[in-house]
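To start, the structure itself, in structure tokens.
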Amino acid sequence: MIALAEETALKSVAPYLEDGCSTVGIKIEAAHIAATPIGMKVRCETELTQIDRRRLVFSFTVFDEAEKIGEGTHERFIIDAVKFQKKTDSKTQQ
């Protein structure tokens, strides 16, 4: 459920980002309300509720075919993808 919320939030803003930019998740708070049987389809809806410079805050709701199964908030940060990857890769060279 968490991975689905993160992916949905990322995809919802990706078309609006400048070239070379992406977003990374920095915080998530979630309530898992109900279980979903194996094989049942699940979907997630996100809403961008706040923009604070490069910090984006989303609310999300997750549903299976029968009911709402989860909800919460998720924060993402807009990053320069190349710079971010270089900084991340440098950790292996320490």
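Using a cut-off of 4.0 Å between Lys/Arg side-chain N and Asp/Glu carboxylate O, Arg43 and Glu65 are scored as not salt-bridged.
Between Ala30 and Met1, the shortest heavy-atom distance links the atoms CB-CE, 4.1 Å. Here the closest non-hydrogen pair linking Asp64 and Pro37 is OD2-CD, 4.4 Å. Smallest separation of non-hydrogen atoms from Met40 and Thr36: CB-CG2, 3.7 Å. Across every non-hydrogen atom of Val62 and Cys44, the tightest pair is CG2-SG, 4.0 Å.
In terms of modelled atom types and a separation under 3.5 Å, the side chain of Asp52 and the main chain of Arg55 share no donor-acceptor contact.
Checking Lys27, Arg76, Lys11 one by one against Glu6, the salt bridge (Lys or Arg N to Asp or Glu O under 4.0 Å) holds for a single residue, Arg76.
Note that CG of Asp80 and CZ of Arg54 are 9.0 Å apart. Values are rounded to the nearest 0.5 Å. Between His74 atom NE2 and Glu29 atom CD the span is 12.0 Å, to the nearest 0.5 Å. Within the model, atoms NZ of Lys68 and CD1 of Ile33 stand 4.5 Å from one another, a figure rounded to the nearest 0.5 Å.
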### Query
Under the side-chain contact (heavy atoms from CB on, under 4.5 Å) criterion, do Leu56 and Ile78 qualify, and how do the steps go?
CA-CA 8 Å; Leu56 309 174; Ile78 299 171; 4.0 Å; yes
### Query
Is there a side-chain contact (heavy atoms from CB on, under 4.5 Å) between Phe63 and Glu45 once you walk through the steps?
CA-CA 8 Å; Phe63 303 88; Glu45 297 176 0; 3.8 Å; yes
### Message
Test side-chain contact (heavy atoms from CB on, under 4.5 Å) on Phe58 and Thr8; report intermediate values, then the result.
### Response
CA-CA 10 Å; Phe58 298 85; Thr8 304; over 6 Å; no
### Query
Should Ser22 and Leu10 be marked as a side-chain contact (heavy atoms from CB on, under 4.5 Å) after you check the CA-CA gap, both sets of side-chain angles, and the distance that decides it?
CA-CA 8 Å; Ser22 187; Leu10 168 62; 4.0 Å; yes
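Residues Ile28 and Ile2 form a side-chain contact, since some pair of their non-hydrogen atoms from C-beta on lies under 4.5 Å apart. Using a 4.5 Å heavy-atom cutoff, the side chains of Ile79 and Thr23 are not in contact. When side chains are defined from C-beta on, Phe60 does not count as touching Leu4, because their heavy atoms never get closer than 4.5 Å.
More than 12 heavy atoms of other residues, nucleotides or ligands shown are found within 6.0 angstrom of CD on Glu67.
A donor and an acceptor atom, one from each side chain of Asp89 and Gln85, are located under 3.5 Å apart.
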